[in-house]
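As the structure is a prediction and not an experimental result, all values here were calculated from the model.
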Amino acid sequence: MRKMMTMTATALVAVLTVSGCADTGMSDTQRRTAIGTGVGAVAGAVIASATGGKAGVGAVAGAAIGGIGTYIWSANMEKRKREMQEATQGTGIGVSQTADNRLKLDIPSDVSFDTGRYDIKSNFAPILNRFADGLRSTPNYTVDIIGHTDSTGSDAVNNPLSINRANATRNYLINRGADSTRIYTEGRGSREPVASNATIEGRAQNRRVEIYMGEVAPQQR
């Protein structure tokens with residue numbers, strides 16, 4: 001019993017620390033996941049105590065209760081994936097299911113944004129229109145939009161450019177009927193290249209926007 005109480009107190013301190021400190025160096029997504037993990041640990045310890053110390057029972061139930069930042073892959077999500085695969089066929093946009101059950105769109109610069117700019121290109125708009133349609137048909141969704149640049153220019157230029165690209169994408173979706181309270185943005189500048197910045201082709205791949213859409217179970221929101 002004493003061990004369970006110690007685990008509960010430790011997890012609760014972790015939750016309060018993460019949720020109460022804005023300058024943790026975490027992204028919004030990472031922060032929500034960490035809080036959910038802590039909540040699950042607290043709940044799991046309590047449940048385990050109530051079930052005679054069966055840690056396995058508590059861990060499973062706690063994971064369900066603390067599922068902030070965890071996602072379900074429903075029939076609806078599979079439908080959204082197929083729709084986006086059809087909408088992006090031949091465009092070079094990557095559509096995939098992530099390990100944590102989110103739908104990921106990887107949009108390269110030849111579709112999304114011109115060099116040094118953050119206004120939505122004409123061939124990007126139809127993709128976002130279809131994506132927004134899917135959001136309106138999805139219960140309990142969250143969307144994370146992450147902007148990236150190549151290494152041309154300084155961080156003073158690239159960092160705001162990357163967040164401006166993410167925000168421009170978010171604003172477009174909101175104008176198409178998406179819920180503004182469910183969409184989060186982040187700019188990572190040139191810090192996460194997916195190709196070499198030494199070539200024109202590599203830099204074009206690095207100038208991109210990543211969109212992650214997740215569906216959470218109703219009790220997790």
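In this view, V157 and S154 satisfy the side-chain contact (heavy atoms from CB on, under 4.5 Å) rule, not counting sequence neighbours. Under the side-chain contact (heavy atoms from CB on, under 4.5 Å) criterion, L161 pairs with Y118, T149, R165, not counting sequence neighbours. The side-chain contact (heavy atoms from CB on, under 4.5 Å) search around S180 returns R170, I174, not counting sequence neighbours. The side-chain contact (heavy atoms from CB on, under 4.5 Å) check on D150 picks up T152, N197, R203, N206, R207, with sequence neighbours excluded.
Closest of all the heavy-atom pairs between M84 and L103 is CG-CD2, 4.2 Å. Closest heavy-atom contact between G147 and A166: N-CB, 3.9 Å. The shortest heavy-atom contact between V111 and F124 is O-CB, 3.1 Å. Across all non-hydrogen atoms, the minimal contact from E215 to P139 is CG-O, 3.3 Å. Scanning both residues, W73 and K81, for their nearest heavy atoms gives CZ2-CD, 3.8 Å.
With side-chain heavy atoms closer than 4.5 Å counting as contact, directly or through intermediates, the hydrophobic cluster containing I146 also holds Y212.
Between the side chain of S162 and the backbone N or O of G189, at least one donor-acceptor pair lies under 3.5 Å. Counting only distance, with no hydrogens or angles, the side chain of S109 and the backbone of A204 share a donor-acceptor pair below 3.5 Å. Between the side chain of T199 and the backbone N or O of G202 there is at least one donor-acceptor pair closer than 3.5 Å. Judged by distance alone, the side chain of S96 and the main-chain N or O of T98 form no donor-acceptor pair under 3.5 Å.
Applying the side chain to side chain donor-acceptor pair (under 3.5 Å) test to residues at least two apart or on different chains, the pairs with a partner in residues 122-138 are N76-T138, N129-Y172, N129-R176, D133-R136.
Here the CG atom belonging to N164 is positioned 11.0 Å from the CG atom belonging to D119, to the nearest 0.5 angstrom.
Salt bridge E83/R80: present, at least one basic N to carboxylate O contact under 4.0 Å. With salt bridges taken as basic N to acidic carboxylate O contacts below 4.0 Å, one links R182 and D179.
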What's the verdict on salt bridge (Lys or Arg N to Asp or Glu O under 4.0 Å) for K121 and D110, showing C-alpha distance, side-chain angles and the deciding distance? CA-CA 9 Å; K121 292 174 69 170; D110 58 344; over 6 Å; no
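A single hydrophobic cluster is seen to contain both V95 and M213, as judged by linkage of ILVMFWY side chains at heavy-atom distances under 4.5 Å, directly or through other members.
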